[in-house]
Amino acid sequence: MEQLGMRGRSYGVPGDGVVRVGRDGDWAFAVEYGDSTGGDRLEAISSVSGEAVHYIPMWARPPARFHYAKDGVLTCGFGIDEEHRRWGAEPDLLLPALVAEQVLRPDGSKIYPPDNEPYVGSHRIILGLLEQRFGLSLPRAALSEDRLPAYAVRGTPAMTTGREPDYHQIKTWAVNNGLAWESTGLRVPPEIREAWALTVRQDPKETA
């Protein structure tokens, strides 16, 4: 994100969003960064491609989430480790597979281990199930090594490894005005840029 010069979310305003795209097997894929828009476009994407799978990794709460859309319709979705709460036009699409993996009972309720056994969660089971069910694959190199084309899908990221043209000018102004400057690498911190923009509107001469 820093190399692409992306601004993060600030005061409830979405930050920049970027995707890196590639292809593996029968699937095209997009790796999302920042406030991307893949989840918002899932149904539209599937109306063109036929199918679309969206996985949102999370560390804790809210849980990681899976969505599957087909022919322009959100077909199935659930939170990982919360598979008993499913939604979409066909919420039970994966129920037989979830039952076979002993994640859910046939009635769709969650299977938990006995109280004297640790609960390890179903994350690995679910990812394996999705990989097999939809024929998915994503080599580790695609995330960490491959040079993939990147596209801005929200906001105005710099999309360059250089600093913003007005970086030094705004930093000097901020320091002279006693504003705290927390390094964000290549970009002016969002709150500093907002203060700068407000000052420019009120008194253009002060920032000259």
Side-chain angles (χ1 to χ4, degrees), residues 1 6-22 24-25 27-47 49-144 153-155:
M1 290 179 65
M6 297 173 62
R7 292 193 180 92
R9 180 179 293 265
S10 177
Y11 301 105
V13 178
D16 294 334
V18 168
V19 295
R20 295 167 63 217
V21 299
D24 191 75
W27 286 87
F29 66 84
V31 184
E32 300 183 281
Y33 299 86
D35 286 322
S36 185
T37 59
D40 302 333
R41 300 178 177 180
L42 196 64
E43 291 159 287
I45 292 171
S46 72
S47 68
S49 64
E51 294 180 285
V53 173
H54 192 225
Y55 171 68
I56 307 173
M58 300 291 287
W59 290 106
R61 289 287 181 267
R65 296 188 297 282
F66 149 79
H67 297 93
Y68 170 67
K70 183 177 181 179
D71 297 330
V73 177
L74 178 60
T75 306
C76 179
F78 52 76
I80 312 300
D81 274 340
E82 294 185 358
E83 298 83 3
H84 56 294
R85 299 170 179 162
R86 302 177 303 284
W87 54 82
E90 299 179 43
D92 291 339
L93 177 69
L94 298 180
L95 180 58
L98 293 168
V99 172
E101 293 289 348
Q102 298 186 341
V103 174
L104 298 179
R105 299 182 179 88
D107 64 0
S109 60
K110 182 77 172 175
I111 297 177
Y112 293 99
D115 293 339
N116 60 346
E117 294 183 13
Y119 180 66
V120 296
S122 56
H123 208 118
R124 287 184 177 273
I125 293 174
I126 296 301
L127 291 183
L129 183 156
L130 298 177
E131 178 182 0
Q132 294 178 16
R133 172 62 176 77
F134 298 107
L136 304 175
S137 62
L138 185 60
R140 183 178 296 274
L143 299 175
S144 59
V153 294
R154 188 196 296 272

Worksheet item: Any side-chain heavy-atom pair from L127 and Y55 closer than 4.5 angstrom?
Response: yes
E83 and I125: side-chain contact (heavy atoms from CB on, under 4.5 Å), yes or no, with the steps? CA-CA 12 Å; E83 298 83 3; I125 293 174; over 6 Å; no
*Donor-acceptor pair, S137 side chain versus G135 backbone, under 3.5 Å?*
no
Derivation and outcome, side-chain contact (heavy atoms from CB on, under 4.5 Å), residues L130 and Y68:
CA-CA 10 Å; L130 298 177; Y68 170 67; over 6 Å; no
Hits for ring-ring contact (aromatic ring centres under 6.0 Å, His included) against F78, two or more places apart or cross-chain, chain-then-number order -> F66
Check your understanding: Okay, side chain of W27, backbone of V53: is any donor-acceptor separation there less than 3.5 Å?
Key -> no
Rounded to the nearest 0.5 angstrom, the CD-NE2 distance for E43 and H67 is 9.5 Å
Between G39 and E32, the two heavy atoms sitting closest are N-OE2, 4.2 Å
Exercise for review: Compare all side-chain heavy atoms of R133 with those of L93 and state whether any distance is below 4.5 angstrom.
Suggested key: yes
Here the pair of heavy atoms bringing R65 nearest to I80 is N-CG1, 4.3 Å
Would you give me the side-chain donor-acceptor pairs under 3.5 Å for residues 97-107, sequence neighbours excluded?
{"residue": "R105", "atom": "NH1", "partner": "S109", "partner atom": "OG", "Å": "3.3"}
{"residue": "R105", "atom": "NH1", "partner": "K110", "partner atom": "O", "Å": "2.6"}
{"residue": "D107", "atom": "OD1", "partner": "S109", "partner atom": "N", "Å": "3.0"}
{"residue": "D107", "atom": "OD1", "partner": "S109", "partner atom": "OG", "Å": "2.7"}

Answer yes or no: is there a side-chain heavy-atom contact under 4.5 Å between L136 and F29? no
Scanning both residues in full, the closest heavy-atom pair of G108 with L95 reads CA-CD1, 4.0 Å
Separation between CG (L42) and OG (S47), nearest 0.5 Å, reads 10.0 Å
Taking every heavy atom of D16 against every heavy atom of G155, the minimum-distance pair comes out as OD1-CA, 3.3 Å
Residues at least two apart in sequence or cross-chain that pass ring-ring contact (aromatic ring centres under 6.0 Å, His included) with H54, listed by chain then number, are none
Hits for salt bridge (Lys or Arg N to Asp or Glu O under 4.0 Å) against D24, two or more places apart or cross-chain, chain-then-number order -> none
Across all chains, not counting sequence neighbours, the side-chain hydrogen bond (donor to acceptor under 3.5 Å, both in side chains) partners of S46 are none
Rounded to the nearest 0.5 Å, the CZ atom of F134 sits from the CG atom of L129 at a distance of 8.5 Å
Residues passing the salt bridge (Lys or Arg N to Asp or Glu O under 4.0 Å) test with D92, sequence neighbours excluded, are R86
Residues S36 and V19: closest non-hydrogen pair is OG-CG1, 3.5 Å
OG of S122 to CD of E82, rounded to nearest 0.5 Å, is 9.5 Å
